[in-house]
Every structure is written in structure tokens, then in C-alpha cells.
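Reading through the C-alpha cells given below for one structure.
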Amino acid sequence: MAYVYDTNNIFARILRGEIPNNTVLETEHTLVFRDIAPKAPVHVLAIPKGPYVTYDHFCAEASDAEIVDFTRACAKVCDMLGIAAKDGGKGFRAITNSGENGVQEVPHFHLHILGGRSLGRMLDLD
Ligand code: 5GP
């Protein structure tokens, strides 16, 4: 079955300019903005501008140009925010929740990028 995109999800509304956001970086195909409820000193969400529901949807159906733009934007934003794991930087965690078992809240693919403190073990299943 195909992926079904809800054009009224919050991130679609952010992309249409209907809801304000705190933009960190915007490129041709990608928007990176601050999470409204940050879980770390740095917590941004990177989203493609195209209508992709989940990471697997994006990986399967986005164009090469969109995928390259998105991945390069993520690298650039880590550098801009001083969390890249290079030049002695302390690094970050990138997470994407997909679907029901992934406990995805907003059905527009987004990569959480978190840093600025130690993030502990990868999964807390409580
Ligand atoms: P998910 O659970 O889908 O992986 O994460 C959704 C994220 O979107 C959450 O971290 C939540 O805080 C964030 N979020 C939800 N609504 C808004 C909003 O209106 N603006 C921003 N900037 N972030 C939002």
C-alpha cells in the first residue's frame, strides 16, 4: 500500500507559513527549525519540503536532489550549531520516529538532531 500524506499536519502548515517557526537553516528542499519542546540544549528538526510521511517514504521516493540537499543541510546545521563530531566537538544524536511503533507524533518525515549535553543510552523504553 502507498504512503498517505496528511496535508494538514503541523509541519505542512509550517511549510505553508500558516504557523510560525524558529528557522535555523532553509535550503531549496529542506527546512531546519527549533523543536517547540526541546529535549536538549540543542534540539532541531530537519524536514524535507516535499510531502513524505516517514524516513522510509523519503528514502524510497524522494529525488536524488532532495536527498542530497537534505543530508547536506543536516551536516551544515550540525556545523552551524557547534555540535558536529569533528574538530574536538562533542557530537549529537539524530533520531527519526516512524509510524506507530516508532511513536511518531507528526506525520511529516523529520530528523531530530539533539546535542549540547550527553544524551545517555540510546533507548529508554519505559
Ligand atoms: P515525533 O514524536 O513525531 O518524532 O516528534 C514531533 C516533534 O515535533 C516533537 O518533538 C514536538 O515537540 C515537535 N513539535 C510539535 N508541534 C510543533 C510545532 O508546532 N512547532 C515546532 N517547532 N515543533 C513542534
Side-chain angles (χ1 to χ4, degrees):
M1 223 168 77
Y3 298 93
V4 178
Y5 184 79
D6 168 13
T7 55
N8 277 324
N9 78 76
I10 290 235
F11 295 168
R13 298 184 64 202
I14 284 176
L15 286 167
R16 289 198 294 269
E18 295 168 8
I19 295 177
N21 75 92
N22 191 340
T23 297
V24 176
L25 177 68
E26 180 166 10
T27 64
E28 184 180 0
H29 296 295
T30 306
L31 184 68
V32 186
F33 55 98
R34 305 263 179 196
D35 195 292
I36 204 168
K39 302 286 190 297
V42 175
H43 185 176
V44 297
L45 302 170
I47 67 172
K49 292 181 178 176
Y52 303 104
V53 183
T54 55
Y55 179 59
D56 48 314
H57 187 195
F58 179 72
C59 293
E61 297 186 12
S63 67
D64 291 2
E66 289 174 301
I67 291 170
V68 169
D69 183 279
F70 182 82
T71 54
R72 297 286 194 236
C74 290
K76 185 168 182 187
V77 97
C78 288
D79 212 7
M80 288 168 58
L81 296 172
I83 59 171
K86 66 173 190 180
D87 300 332
K90 292 200 167 180
F92 60 92
R93 179 167 295 150
I95 302 168
T96 181
N97 301 316
S98 298
E100 187 180 341
N101 278 359
V103 195
Q104 181 179 8
E105 180 190 326
V106 179
H108 180 114
F109 163 52
H110 49 283
L111 189 68
H112 295 258
I113 300 174
L114 303 111
R117 68 168 169 83
S118 171
L119 294 154
R121 295 174 69 86
M122 190 172 72
L123 288 177
D124 176 358
L125 296 174
D126 293 336

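Treat the numbers as computed from the prediction; the structure is a model and nothing was measured. Start at 1 and go down the list; that is how both ligands and their atoms are numbered.
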*So is there a nitrogen or oxygen of His110 less than 3.5 Å from a nitrogen or oxygen in ligand 1?*
yes

*Qualifying residue, where the test is side chain to side chain donor-acceptor pair (under 3.5 Å) with Lys49 and the options are Glu26, Glu66, Glu28, His108*: Glu26

_Below 3.5 Å, N or O to N or O, backbone or side chain included: is there any such pair between Lys39 and ligand 1?_
no

_Donor-acceptor pair, distance only, cut-off 3.5 Å: does the side chain of Asp87 make one with the backbone of Gly89?_
no

_Within reach of ligand 1, part of Leu45 (heavy-atom separation under 4.0 Å)_ = side chain

*Could you tell me the residue and atom name of the protein heavy atom closest to atom 22 (N) of ligand 1, and the distance to it rounded to 0.1 Å?*
Arg34 O, 2.9 Å

*Number the atoms of ligand 1 from 1 as they appear, then name those within less than 4.0 Å of a heavy atom of Phe33, with their elements.*
21 (C), 22 (N)

*asked:* Contact between ligand 1 and Ile10 is defined here as a heavy atom of the residue under 4.0 Å from a ligand atom; is it met?
replied: yes

_Sole residue of Phe33, Tyr52, Tyr5 in ring pair (Phe, Tyr, Trp, His ring centres under 6.0 Å) with Phe11_ = Phe33

*How long is the gap from CZ on Arg117 to NZ on Lys90, to the nearest 0.5 Å?*
13.0 Å

*asked:* Please give me the minimum heavy-atom distance between Lys39 and Leu114, naming the atom from each residue.
replied: CB-CD2, 3.9 Å

*What atoms of ligand 1 come within less than 4.0 Å of a heavy atom belonging to Gln104?*
3 (O)

*To the nearest 0.5 Å, how far apart are CD1 in Ile95 and CG in Leu119?*
7.5 Å

*For ligand 1, which atoms sit closer than 4.0 Å to a heavy atom of His112?*
1 (P), 4 (O), 5 (O), 7 (C), 10 (O)

*How far is atom 15 (C) of ligand 1 from its nearest protein heavy atom, and which residue and atom is that?*
Glu105 OE2, 3.9 Å

*Out of curiosity, Ile14 CD1 to Leu45 CG, how far, rounded to the nearest 0.5 Å?*
8.0 Å

*What atoms of ligand 1 come within less than 4.0 Å of a heavy atom belonging to Val103?*
2 (O)

_I need the nearest protein heavy-atom contact for atom 23 (N) of ligand 1: residue, atom name and distance, please._
Ile36 N, 3.3 Å

*So how far is it from Ile47 CD1 to Leu31 CG, rounded to the nearest 0.5 Å?*
5.0 Å

_Looking only at protein heavy atoms, which one is nearest to atom 8 (O) of ligand 1, and what is the separation?_
Phe11 CZ, 3.4 Å

*Mark yes or no for whether His110, through its side chain, and Asn97, through its backbone, hold a donor-acceptor pair below 3.5 Å.*
no

*Write out the residue and atom name of the closest protein heavy atom to atom 10 (O) of ligand 1, then the distance separating them to 0.1 Å.*
Asp35 OD2, 2.5 Å

_Proximal ligand 1 atoms for Ala37, defined as those under 4.0 Å from one of its heavy atoms_ = 12 (O)

*Just which atoms of ligand 1 are under 4.0 Å from any heavy atom in Asn97?*
1 (P), 2 (O), 4 (O)

*When rounded to the nearest 0.5 angstrom, what distance separates CD1 in Ile113 from CG in Leu111?*
5.0 Å

